[in-house]
Amino acid sequence: QVQLAESGGGLVQAGGSLRLSCAGSGSSFSTYTIGWFRQAPGEERQFVAAIWFSGGSTYYLDSVKGRFTISKDDSKKMAYLQMDNLTPEDTAVYYCAAAETGAYYYLAREYAYWGQGTQVTVSA
């Protein structure tokens, strides 16, 4: 099992940047595919980015490609989501999640472990 805790959210103006962190605890963090999802009020949880357990492959929602970067540091049991050039449409609660396989990394149901979420608000 793995426990996850996000941090780094906040209020930022459009065009600004935030770096979200996801701290993992428990064993075998390096064996999990890590995903970031977001959920805005009244909307379904949406895939944002994922990084394969080996760190060799990354995947992004089309609308964040070129603006967001996902990474992980297995030695620290940490994952990150660097978000640049933020827009008001990026406003949501952001969650990190861990999947034992990750074959369907874009599906929330693929992930067995979730953090509590961190709020990101982008003002116009």
Test side-chain contact (heavy atoms from CB on, under 4.5 Å) on Ile70 and Tyr80; report intermediate values, then the result.
CA-CA 6 Å; Ile70 188 172; Tyr80 306 97; over 6 Å; no

I would like to know whether Thr69 and Tyr60 meet side-chain contact (heavy atoms from CB on, under 4.5 Å); could you show each step before the answer?
CA-CA 8 Å; Thr69 304; Tyr60 296 94; 3.9 Å; yes

Assess whether side-chain contact (heavy atoms from CB on, under 4.5 Å) is satisfied between Leu81 and Val48, documenting all intermediate values.
CA-CA 10 Å; Leu81 185 68; Val48 176; 4.2 Å; yes

Give the intermediate values and the outcome of side-chain contact (heavy atoms from CB on, under 4.5 Å) for residues Ser21 and Met78.
CA-CA 7 Å; Ser21 298; Met78 294 291 296; 3.7 Å; yes

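Between Asp90 and Arg38, the closest side-chain pair of non-hydrogen atoms falls below 4.5 Å. Looking at heavy atoms from C-beta onward, Tyr59 lies out of side-chain contact with Thr33 at the 4.5 angstrom threshold. Thr118 places none of its side-chain heavy atoms less than 4.5 Å from the side chain of Val93. Contact of the Tyr32 side chain with the Ser30 side chain is not registered, since no non-hydrogen atoms from C-beta on lie closer than 4.5 Å. Side-chain atoms of Gln82 and Phe68, non-hydrogen and from C-beta on, never get closer than 4.5 Å to each other. In this structure, the side chains of Glu89 and Thr91 stay at 4.5 Å or more apart for every pair of heavy atoms.
The salt bridge (Lys or Arg N to Asp or Glu O under 4.0 Å) check on Arg19 picks up nothing, with sequence neighbours excluded. Considering only residues two or more places apart in sequence or on other chains, Ala97 meets the side-chain contact (heavy atoms from CB on, under 4.5 Å) condition with Tyr111, Trp114.
Leu11 and Val120 are not part of a single hydrophobic cluster, where members link through side-chain heavy atoms under 4.5 Å apart. Under the 4.5 Å side-chain heavy-atom criterion for grouping Ile, Leu, Val, Met, Phe, Trp and Tyr, Tyr104 is not connected to Leu61 through any hydrophobic cluster. Tyr106 and Trp36 fall into different hydrophobic clusters, where Ile, Leu, Val, Met, Phe, Trp and Tyr side chains are chained together by heavy-atom contacts under 4.5 Å.
Atom CG in Leu20 sits 4.0 Å away from atom CE in Met83 (nearest 0.5 Å). Note that the CG atom of Asp84 and the CZ atom of Arg67 stand 9.0 Å from one another [nearest 0.5 Å]. Taking CG of Leu4 as the start and CD1 of Ile34 as the end, the distance is 6.0 Å to the nearest 0.5 Å. Note that the CD atom of Gln3 and the CD atom of Gln116 stand 12.5 Å from one another [nearest 0.5 Å]. To the nearest 0.5 Å, the span separating SG on Cys96 from CD1 on Ile51 amounts to 13.0 Å.
Phe37 pairs in a ring pair (Phe, Tyr, Trp, His ring centres under 6.0 Å) with only one of the listed residues (Phe47, Tyr95, Tyr94), which is Phe47.
Between the side chain of Glu110 and the backbone N or O of Ala103, at least one donor-acceptor pair lies under 3.5 Å. A donor-acceptor pair under 3.5 Å is absent between the side-chain atoms of Lys72 and the main chain of Ser54, judged by distance alone.
Of all non-hydrogen atoms in Ala124 and Ala14, the two that sit nearest each other are CA-CB, 4.4 Å. Contact detail for Phe53 and Asp74: the closest heavy-atom pair is O-OD2, 4.1 Å.
Residue pairs that meet the side-chain hydrogen bond (donor to acceptor under 3.5 Å, both in side chains) test with at least one member in residues 5-15, sequence neighbours left out, do not exist here.
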